[in-house]
Every structure is written in C-alpha cells, then in structure tokens.
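Scroll down for the structure; my scribbles are underneath it.
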Amino acid sequence: MYHYNDFDRDFLAERNAQFRAQVERRIDGSLSEDEFKPLRLMNGLYLQLHAYMLRVAIPYGTLNSAQMDQLAMIADKWDKGYGHFTTRQNIQYNWPKLRDVPDMLDALGEVGMHAIQTSGNTIRNVTADHFAGAAADEIEDPRPVAELLRQWSTDHPEFQFLPRKFKIAVTGAEQDRAVTKAHDIGLRMVRNDAGEPGFEVIVGGGLGRTPMVGKVLRDFLPKADLLPYCEAIVSVYNLLGRRDNKYKARIKITVHENGIDEIRRLVEDRFALLRPEFSGVDQEMLAGIEAQFAPPAFTQASVAPFKAAYHENPAFRSWVDTNITKHRNDDYAIVSISIKKHGDTPGDATSEQMRVMAAITREFGHDELRISHEQNVILPHVHKSHLPQIYARLRDADLATANIGLISDIIACPGMDYCALATARSIPVAQKIATRFDALKLEHEIGQLKIKISGCINACGHHHVGHIGILGLDRAGVENYQITLGGDGTETAVIGERAGPGFAYDEIVPAIERLIYAYLDLRNDAEETFLQTYRRLGMAPFKSALYPEKEAKNAA
C-alpha cells in the first residue's frame, strides 16, 4: 500500500495547522457559522442533527493495522467508542467536539490519514474494488491508479469549487464490485485486441433524486492517457455544469442536457489540448506508486487444518460458505468480516472490534485491511490454514456473523437518527428486517439478496441499485417508505423500479416479508436468485404480494 513521503507529511501538517487556527477563530467568535462552514467542509467536518461529524478518508478502502488501531484510539478518546464505515469506504465519527477535531486530524496524520475532500464541491475520496489485488477475476490491481487520481485531485487548483461534489470509482476486475456505473466517472479495466490493459470510461452515473446509469465515453483508454483524460472530463464539467440549481448541478444532468455525443466531442477536444502537457511525469509517478502495491510474500503451508475444521464444525462451515471469496492464489482466501450482526447498526464497529481486526491482520493477513462500499471489512490475503483461528477470534468479538450478501447484510445510511437532511429513519428499519429474517431462519434459504435503505432522496444508502430498495420519505409529518425492485449495482447496472405507494414505518417489515415469501414461491429452484426471478417475471407478481388488498379489490 502507499506510504506517505516527506512532502505528504509536510502538506498534511500545514493543512492541519491551518484548520486548527480556523477552529480557534470559530470558537472565539471571530468566524460565524456561515463563514466557518466552507472551511470545515474542506476538512471533512459536517454539522449533523445532534453534533459535528468528522468524515475520514480511507482512500480506495485500503488501510493497515496501525491505521485501524489509530481509528480505534480516536473513537475512544474523542468520540463514543465506535466508528461508522460508509458506502464511500470512509469512516465517520458522529460525536466529536469542535475543539477536539484538530487533535483528531493530527492523530490521523501520524498514520498517514486525513479528512481532506471528504465533503464539499470537489473530487471526493476515490473508491475501488474492495477485493483489489486479491480477486481471482482481476485483470490488474486498480489501486495504484486510484492513488494517482487521489494525488492529482487533492487541492487541484482548478477543481476545488466544482458545480457539485464529484465521485470517481475504479475497478480492475471483470465483475464490477465498485458500482462504477453509478459514479460521476467510473473506470473499468479492460483489455484491447492486443491484450493491453486500459480502461472503459463511464461518465454521468449517479443516484439521488434523479438516478442515472452512467454512459460509456470511451470503450478503451490506454493507461498512459488516464490522468489527462480525467482532467479533460472534469474541466468540461466545471465549465458546463449548472450552478444555478444544485439539484441539477451533477455531471449526470450535464450529460443528460447536452447528450453523450456532445460531451464526448468536448472532452476529446479538451484532451487533445491537455495531452501534450503531460510529459510523462505522471507515468513516472505511477510506476513509483505501483512498486508500493507489490503483492505480499505469500506463505506456503498445508491447508489440512482448514479442511478438517470445515468438515467438523458446522458453524465454521457456514461462515466459510458465506463470507469467503476465491483468491487468485488457491491456498489463500479473501475474508469478508460482516459488521452487520443481526440487530446491530449496519456499518458500525466498536473500538475493541477495530483492534481485534487490526490484530488479526497483523498476525494472519499480511497487515492489510479493506473497507467495502457495502460497509463491511475485508481481509484480502489470508492463508486457508489460518481460517479456523481467525473465525474463533472473530466469533469472540461478535464479528463472525455468516451473512455476507444475504438479506441481513443491508446497506443503510445514518438516516434521521443522525443526519440533518434525512426525512425518515433507516437504521431501525434495517435492524428490524435483519432480526425478523434471523428469527424466521430463512436468510440462507433466500440466498443472495441485496437490500439497500436510504433515509432521504439523496440516496446515500444506494437504494436505487438494491435488488430491493427502500426509500424513507416524510409524508405530512409521517414516515413513509417506498419500495423499488430490480436494481443492480454491478456491471449489469440498472435503476430499480418503484413498486407503488409507500408503507408506514410499522408496515414496511411485513411488506418485505410478503415480498420474500412471494419470491420463494415464484423461483424456479433454490439456485435462482431474487434478481433473476424478478428479471424473468417482472414487477406484476411481486406487486400483487406487496398490495394484496388492491388485488383482492380488483378481483371482486
């Protein structure tokens, strides 16, 4: 992984000192809240419903044990003993005191972390496939490119005041685990006819009040052209993007209003001007970055302990079958640690759990952790012989829930429990769904199913691309939950279709239950997933299950 050099450390120290002075001016009244707002947003500090919230970047979801330990220390010293991992591979602290924030930022700087550009109308934290560098279906590790983009975009003088926030996601695998088609720029690594790696460039994706799947701007872009091409895209958006209406300011609207062909023409023209200015220094930088992302020194050992435990321990076997993904090295495995224990808040991890995960990766995981956009933690490189020991430690820390990809592995935004923008609660709905289906003992029978919940139209819970999406809204002061079906955030991305009228808070879990029982009756066999069944049959039978009173009335 990337390690800060002297320039990085000096830059961060200077930024933190600058913000410390700004905080002092806010506290002594020299700055009003309106004057302080743009300054704090540049440093990842929000004012939420009950307190300030600090959003810390975990670039492309990668961190080591020392960084995870530091996140745990920060949670204990300056927050309430936990952190919340987000869909942008960040961590949020929900209860810091303003005076403590500069100390928190200095503590982050000690381990090469920061909160720069985790908010504001600028290029946000660059995200990536959480299995990068380990996945069996990967063409090439995309994280060096993500790091290059991070360095390029940080404090870029032209792009600090864009029309709206701007998000980039990168994947190097055939399967899209980074939701690239729902980003302002999505980069999917592909090979050309000569077998050379490059990128399919997708532009104009995004969720929120006007959800759109991104459109292909370039079928194949050589790696050497990536940085000037991305600069051309953001330059065109910076010029054309709407600044008269924040709801129409995202690049998806710019693409929609101008058309992909016109955007392509403008980007290519701008790229032709920019490309000669990139003399190759960016490629020299990339080569240096790539050297820091060399694969770990894989160990050789017998996998017999793993095989024995797998056959002898049903609970361990269930965890392996659900939470383990194939690694490019057959003796290794990718471990997904669920922080979605039934009834807990999705994405929350206590400081003690963070320390347990840090200790495990130090001892067994080549000192590397990942955060997924699905709000779980990944050990990307684990020898199979160590899986029984890892499982035992995770179980003791309440981290061994075998539910990755199942109905209780729910993405949920903070909702009205924390967020000032939310119009409904998300966390309690996620908790009730998880505990209900755990009680029914159905989730393994249901199989792969992605439920995503947002507490407002901004769609931070990605509900539009959930197989089942839930959107909480305010209807005359009452929480109302709309359901969308058939969404998909992978390489076959599609926006879910609204099923019909919304449900009250106490009706939403029974509605989901009816939906699931309908699926179990409708599927061809146990191998057909919810999404496959929906695509085969369409909305009609699921709508009948959701609104039985309407069906009965129509029949009469």
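These numbers come from a predicted model, not from an experiment.
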Is any side-chain heavy atom of [X] closer than 4.5 Å to a side-chain heavy atom of [Y]?
| X | Y | value |
| --- | --- | --- |
| Y46 | Y418 | no |
| I74 | L108 | yes |
| H366 | T361 | no |
| I512 | R436 | no |
| Y52 | K97 | no |
| I123 | I168 | yes |
| I360 | L394 | yes |
| I410 | I453 | yes |

Heavy atoms only: give me the nearest [X]-[Y] pair and the separation to one decimal.
| X | Y | value |
| --- | --- | --- |
| V494 | V213 | CA-CG2, 4.1 Å |
| S153 | Q160 | O-NE2, 3.8 Å |
| A422 | G415 | CB-C, 3.3 Å |
| A511 | L546 | O-CD2, 3.5 Å |
| A173 | D129 | CB-OD2, 3.9 Å |
| A115 | R55 | CB-O, 3.2 Å |

Interatomic distance, [X] atom [atom1] to [Y] atom [atom2] [nearest 0.5 angstrom]:
| X | Y | atom1 | atom2 | result |
| --- | --- | --- | --- | --- |
| H464 | I495 | NE2 | CD1 | 6.5 Å |
| L54 | D100 | CG | CG | 11.0 Å |
| Y82 | D344 | OH | CG | 12.5 Å |
| M416 | L421 | CE | CG | 12.5 Å |
| I468 | F542 | CD1 | CZ | 8.5 Å |
| L531 | Q448 | CG | CD | 11.0 Å |

Can you tell whether the side chains of [X] and [Y] come within less than 4.0 Å, N to carboxylate O?
| X | Y | result |
| --- | --- | --- |
| E368 | R143 | yes |
| K341 | D398 | yes |
| R328 | E138 | yes |
| E491 | R188 | no |
| R15 | D155 | yes |
| D137 | R177 | yes |
| K248 | E257 | no |

Check the pair H342, E443 against side-chain contact (heavy atoms from CB on, under 4.5 Å), reporting the backbone distance first and the verdict last.
CA-CA 11 Å; H342 303 100; E443 63 179 338; 2.6 Å; yes
Does the side chain of [X] pick up a donor-acceptor pair with the side chain of [Y] at under 3.5 Å?
| X | Y | result |
| --- | --- | --- |
| N403 | S338 | yes |
| D367 | S65 | yes |
| H463 | Q482 | no |
| S372 | H130 | no |
| N238 | R243 | yes |
| Q292 | E147 | no |
| Y2 | D8 | yes |

Please step through salt bridge (charged side-chain N to carboxylate O under 4.0 Å, His left out) for the pair K452 and D409, ending with a clear verdict.
CA-CA 9 Å; K452 306 177 192 289; D409 184 15; over 6 Å; no
Would you say [X]'s side chain and [Y]'s backbone share a donor-acceptor pair under 3.5 angstrom?
| X | Y | answer |
| --- | --- | --- |
| N64 | A66 | yes |
| R124 | K167 | no |
| K252 | L207 | yes |
| T423 | G472 | yes |
| N125 | R88 | yes |
| T350 | Q353 | yes |
| Q431 | G343 | yes |
| Q48 | M53 | no |
| N323 | S336 | yes |
| T529 | Q532 | yes |

Test ring pair (Phe, Tyr, Trp, His ring centres under 6.0 Å) on F166 and Y237; report intermediate values, then the result.
CA-CA 10 Å; F166 200 92; Y237 166 59; 5.5 Å; yes
Can you list every side-chain hydrogen bond (donor to acceptor under 3.5 Å, both in side chains) pair that touches residues 71-81, not counting sequence neighbours?
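Only D76-S351, D76-R355 qualify under side-chain hydrogen bond (donor to acceptor under 3.5 Å, both in side chains).
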Could you walk me through whether I202 and L217 pass the side-chain contact (heavy atoms from CB on, under 4.5 Å) check?
CA-CA 6 Å; I202 301 159; L217 193 63; over 6 Å; no
Using 30° and 60° as the class boundaries, would you call the ring planes of W152 and H156 parallel, tilted or perpendicular?
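Geometry flag for H156 against W152: perpendicular rings.
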Please lay out, stage by stage, how S408 and F437 fare under the test side-chain contact (heavy atoms from CB on, under 4.5 Å).
CA-CA 8 Å; S408 61; F437 283 94; over 6 Å; no
Candidate list V236, I260, V216, D184, test side chain to side chain contact (heavy atoms under 4.5 Å, CB included), partner V203, passing option
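Per the side chain to side chain contact (heavy atoms under 4.5 Å, CB included) rule, the option paired with V203 is I260, out of V236, I260, V216, D184.
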Test I470 against I433 for side-chain contact (heavy atoms from CB on, under 4.5 Å), laying out the working first.
CA-CA 11 Å; I470 301 173; I433 292 172; 3.8 Å; yes
So that I know where these two stand, are F503 and Y481 an aromatic pair - ring centroids less than 6.0 Å apart?
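They do not qualify: ring centres at least 6.0 Å apart.
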Identify whether NZ of Lys or CZ of Arg in R209 sits under 6.0 Å from the centre of the six-membered ring of Y247 and within 45° of that ring's axis.
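Ring-cation test returns yes.
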Residue H256 excluded, over 12 heavy atoms near NE2 under 6.0 Å
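At most 12 heavy atoms, drawn from other residues, nucleotides or ligands, come within 6.0 Å of this atom.
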